[in-house]
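The structure displayed is predicted, hence computed values, not measured ones. A, B, ... follow the sequence lines: proteins, then strands. Residue 1 opens every chain.
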Amino acid sequence: MALRVAKELKDGMYVNLGFGLPTLTSLFIPEDIDIILHAENGMLRYAGVIDDETQADADLINASGQPTSLLPGAAVFDLNESFTMIRGGHLDLAVLGAYQVSETGDLANWQLQGYHVGGIGGAIELAQGAKRVVVAMEHTDKNGKPRIVKQCSLPLTARRCVNTIITNLAYIELEGAGLVLKEVAPGITPEEVQANTEPDLIISEDLSEMEF
Amino acid sequence: MALRVAKELKDGMYVNLGFGLPTLTSLFIPEDIDIILHAENGMLRYAGVIDDETQADADLINASGQPTSLLPGAAVFDLNESFTMIRGGHLDLAVLGAYQVSETGDLANWQLQGYHVGGIGGAIELAQGAKRVVVAMEHTDKNGKPRIVKQCSLPLTARRCVNTIITNLAYIELEGAGLVLKEVAPGITPEEVQANTEPDLIISEDLSEMEF
Amino acid sequence: MNKVVANLAEAIRDIEDGARIMVGGFAASGGANNLVQALIEKGTKDLTIICTGSPEWMPFVENDRAKKVISGFTSHSLRPEITEVIETKVRAGLLEVETVPHGILSERIRASKAGIPAFYTPIGVGTVFGEGKETKLFDGEECVLERAIEADFALIRGHFGDRLGNLTCRFVARNRNTEMAGAATVTIAEVEEVVEVGDIDPERVDIQGIYVQRVVKAPKIVKWLDGHEAV
Amino acid sequence: MNKVVANLAEAIRDIEDGARIMVGGFAASGGANNLVQALIEKGTKDLTIICTGSPEWMPFVENDRAKKVISGFTSHSLRPEITEVIETKVRAGLLEVETVPHGILSERIRASKAGIPAFYTPIGVGTVFGEGKETKLFDGEECVLERAIEADFALIRGHFGDRLGNLTCRFVARNRNTEMAGAATVTIAEVEEVVEVGDIDPERVDIQGIYVQRVVKAPKIVKWLDGHEAV
């Protein structure tokens, strides 16, 4: 999944990889192109996670709080500047995790049903501010229920913001006509994807197998 | 006049000296105290004007565009940060020039009668944002007419913003009761000040002669 | 002018019960951990804590010193068991929480510092974050009105500091420290080192002394997001 | 990714008649004088110029290339005879001027960059600067609604720049350059020196490359406020 997300990254893009799973993608970025990763806590052009804590610098962490390092051409700045970048539409792409995505592109990724507390963080600004929003998530929840739904039952992060959904089963684009299934994971049939998806999928005429 | 203004400056104050005449005051600041001068184009803790242009650095100018230098403990920043300081109420004192001041403290200092163009600059924000506003000006205009008036005839910079007026003739405080004449210049009588002032002055019980 | 105070206790001497407190930091970086610890030791309670997330509010919530938490993460992002504890406190009426998107909180804090009483933003429209707020269309896009957020004290962390209150921050430790400095009535900065006036490059002052009322030297304490302290 | 272009003409190739242009600089510092000169030479006209004061709009007004000037100083602060010339043009309907307080202009430009469509401020209430604007009370204080101001191009000046668009500014040359970078559809930066990626300290990047689309090397031209050029 992270590998497929990495394929979305093109030379010259400014990209934010949201909290949790999507940060893994930073490990799979091709080395021969300039992808500028943005961390909402105040970095542009950072590198992968440092696993050895004795090598970690707490003042060089990504938005998930993990130690990282700066690449040549990096910049550090404060949170307000960081969200000026996000809200002002300066990011080409945001990759976010999700609990649910609706067929109209509504995103729910911050709070569980019935809770008063929750972690919205910068997800709402990334969802509304980035030029393109890709959701990367498991296709179904831990009980096997679809995460791609007709209407989100969980509290929304933002309305009509998702452009693309990448899961362990499929690559789906949200277009005017609806949810278009563009790619399936190796060994997965379009019928299996549909069976695990609540709204009806439109099967793309040039449906292909996911490449990494 | 600049000497009298300099006496207003106390240890620990953050002070902006506006465009033109008041910048002269920076030459008369006592050396044994910390007055932090703020220049709206983006400096804290700058020094006097450099007269020799061959010694000038165009990137170290004050708000009047004159070359200056930085004192130890200085900081440079952008215009937006500068006006965050001004508008946010972080300046203790602003000293401004004026065309007219009304008896209620209205200030007119940016545009001549009947003109479409004018130079407001940062005067309006200084007038409204600083904790205390001192106007330093000639008591009368070039035709001998009072600059302290019942109502400003010129376009206003800001309403009810002036706390103190320092002129070549007098030191006047704007209090709830009205304009209180606190000090007169050496050799000047209160009657002479009143004769050159449109609204009625209240003569302070402890009226004194201006000291420098 | 000398803003350097002798110790942490003196730095926080006048913070009283019921105060509204901004606390800088984001995850392991830039937290005013020494000032927070001193405030816990002082016993000050019924506080409103305005901050990024759990690393900043945890000490206040664990020790029942917070009346309200205003934060981007009112749950704990890594430890569900702590989230359950907080949720239980909220349901029992022992704690109030207000979850505010990181960037909106940042802009509201900056607005307070910059003399902007309110601003419009499309962020939050159509979600619980926009509920109950005034709305207005700009170029056809619905926006909500957000208010500046003020506090009595801001507790921030710098790297170097001088007696004029000028501060530098290391790398991403800038985070909320820069916006909070000047957004509260009194801004108190803990710094790793107090340096001589003139030692900080004028082009490297990250927080200008005009925003800072007190400076106190205190060691760097690193707490990782899962709660463990760096060795 | 390489944002460095070969020369000034290429940097401004797609600026067309009628464009809205932000021009950085404050008095003698940080003006994008080379880009402005190139634009004059190209003959582009009917421009709206958004800037600090006369050093930035003079070339456009002198050469009849400006339709409108939005600036803190629409008069000339030192040369009354130039003020008279501008005033005459305005009365004849040849030029439109909008005088905007420096800090409000700054905040409106930043708002555009930061995705804030509008904000409230007490600045301007009771004067011509607040006339005709929506008002609202906040904590009993009357405030006016100010809108973000956008442009097609921002012409800015940096000191060092790299191919990613990261820039540094010397001392007060930050002025409006930092706020304008990213506030226009296309931001073009002239710099004294193009340096290698990695040469700029990550803590000394004053304008992040994300806001800059083009970088061009051009010599520093210093024009003092009275109009004379430095030797």
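Most heavy-atom pairs under 4.5 Å with chain D: of the set B:Pro67, B:Gly129, B:Ala74, B:Ala75, this distinction falls to B:Pro67. Of the residues considered (D:Pro122, D:Ala28, D:Gly126, D:Ala173), D:Gly126 shows the highest number of contacts with chain B, using heavy-atom pairs under 4.5 Å. In terms of heavy-atom pairs under 4.5 angstrom with chain B, the leader among D:Cys169, D:Gly130, D:Gly53, D:Gly124 is D:Gly124. Highest contact tally toward chain B, considering only D:Ile123, D:Thr178, D:Asn175, D:Asp226, is held by D:Ile123 [criterion: heavy-atom pairs under 4.5 Å]. Options D:Ile86, D:Ile104, D:Asp206, D:Val172 differ in how many heavy-atom pairs under 4.5 Å they form with chain B, and the most are formed by D:Val172.
Among residues 142-154 of chain B, no residue has any heavy atom closer than 4.5 Å to a heavy atom of chain D. Inspection of non-hydrogen atoms places B:Gly119, B:Ile120, B:Gly121, B:Gly122, B:Ile124, B:Glu125, B:Gln128 of residues 119-128 of chain B under 4.5 Å from chain D.
B:Leu60 CG to D:Ser29 OG: the interatomic distance, rounded to the nearest 0.5 Å, is 8.0 Å. For the atom pair CD of D:Glu87 and CG of B:Leu112, the computed distance is 9.5 Å after rounding to the nearest 0.5 Å. For the atom pair CG (B:Asn62) and CZ (D:Phe26), the distance works out to 9.0 Å, reported to the nearest 0.5 Å. Between atom CE of residue D:Met180 and atom CG of residue B:Asp78 there is a gap of 11.5 Å, rounded to the nearest 0.5 Å. Here the CG atom belonging to B:Leu79 is positioned 6.0 Å from the OG1 atom belonging to D:Thr52, to the nearest 0.5 angstrom.
Side-chain contact between B:Ile61 and D:Phe171 is absent, with no heavy atoms from C-beta onward closer than 4.5 Å. Contact check for B:Gln66 versus D:Trp224: no side-chain heavy atoms found under the 4.5 Å cut-off. When side chains are defined from C-beta on, D:Thr83 counts as touching B:Val117, because their heavy atoms get closer than 4.5 Å.
With a 4.5 Å cut-off on non-hydrogen atoms, B:Thr84 does not touch chain D at all. Heavy atoms closer than 4.5 Å to chain B are found in the backbone of D:Val100, but not in its side chain. Heavy-atom distances place the side chain of D:Thr121, and not its backbone, under 4.5 Å from chain B. With a 4.5 angstrom heavy-atom cutoff, D:Glu96 does not touch chain B via any of its atoms. Using a 4.5 Å cut-off between heavy atoms, D:Val90 contacts chain B through its side chain alone, with no backbone atom that close. Neither the backbone nor the side chain of D:Leu105 comes within contact range of chain B; no heavy atom of the residue lies under 4.5 Å from a heavy atom of that chain.
The aromatic rings of B:Phe83 and D:His102 stand perpendicular to each other, their planes meeting at an angle above 60°, with 30° marking the opposite boundary.
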Criterion ring pair (Phe, Tyr, Trp, His ring centres under 6.0 Å) on B:Trp110 and D:Phe73, from CA distance to verdict | CA-CA 9 Å; B:Trp110 76 280; D:Phe73 276 83; 9.6 Å; no
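Shown here is B:Arg160, whose CZ atom has no more than 12 heavy atoms of other residues, nucleotides or ligands within 6.0 Å. When the shell of 6.0 Å around CG of D:Asp139 is examined, it contains 12 or fewer heavy atoms from other residues, nucleotides or ligands.
Checked against ring-ring contact (aromatic ring centres under 6.0 Å, His included), B:His116 has no partners two or more places apart in sequence or in another chain. Every residue two or more places apart in sequence or in another chain was checked for a ring-ring contact (aromatic ring centres under 6.0 Å, His included) with B:Phe77, and none qualifies.
Checked for salt-bridge contact, D:Lys220 and B:Asp59 meet the test: a charged N lies under 4.0 Å from a carboxylate O. A salt bridge links D:Glu107 and B:Arg87; the closest N-O separation between the charged side-chain nitrogens and carboxylate oxygens is under 4.0 Å. Salt-bridge check for B:Asp57 with D:Arg170: passed, with a basic side-chain N closer than 4.0 Å to an acidic carboxylate O.
The backbone N or O of B:Gly118 lies less than 3.5 Å from a partner atom in the side chain of D:Thr74, making a donor-acceptor pair.
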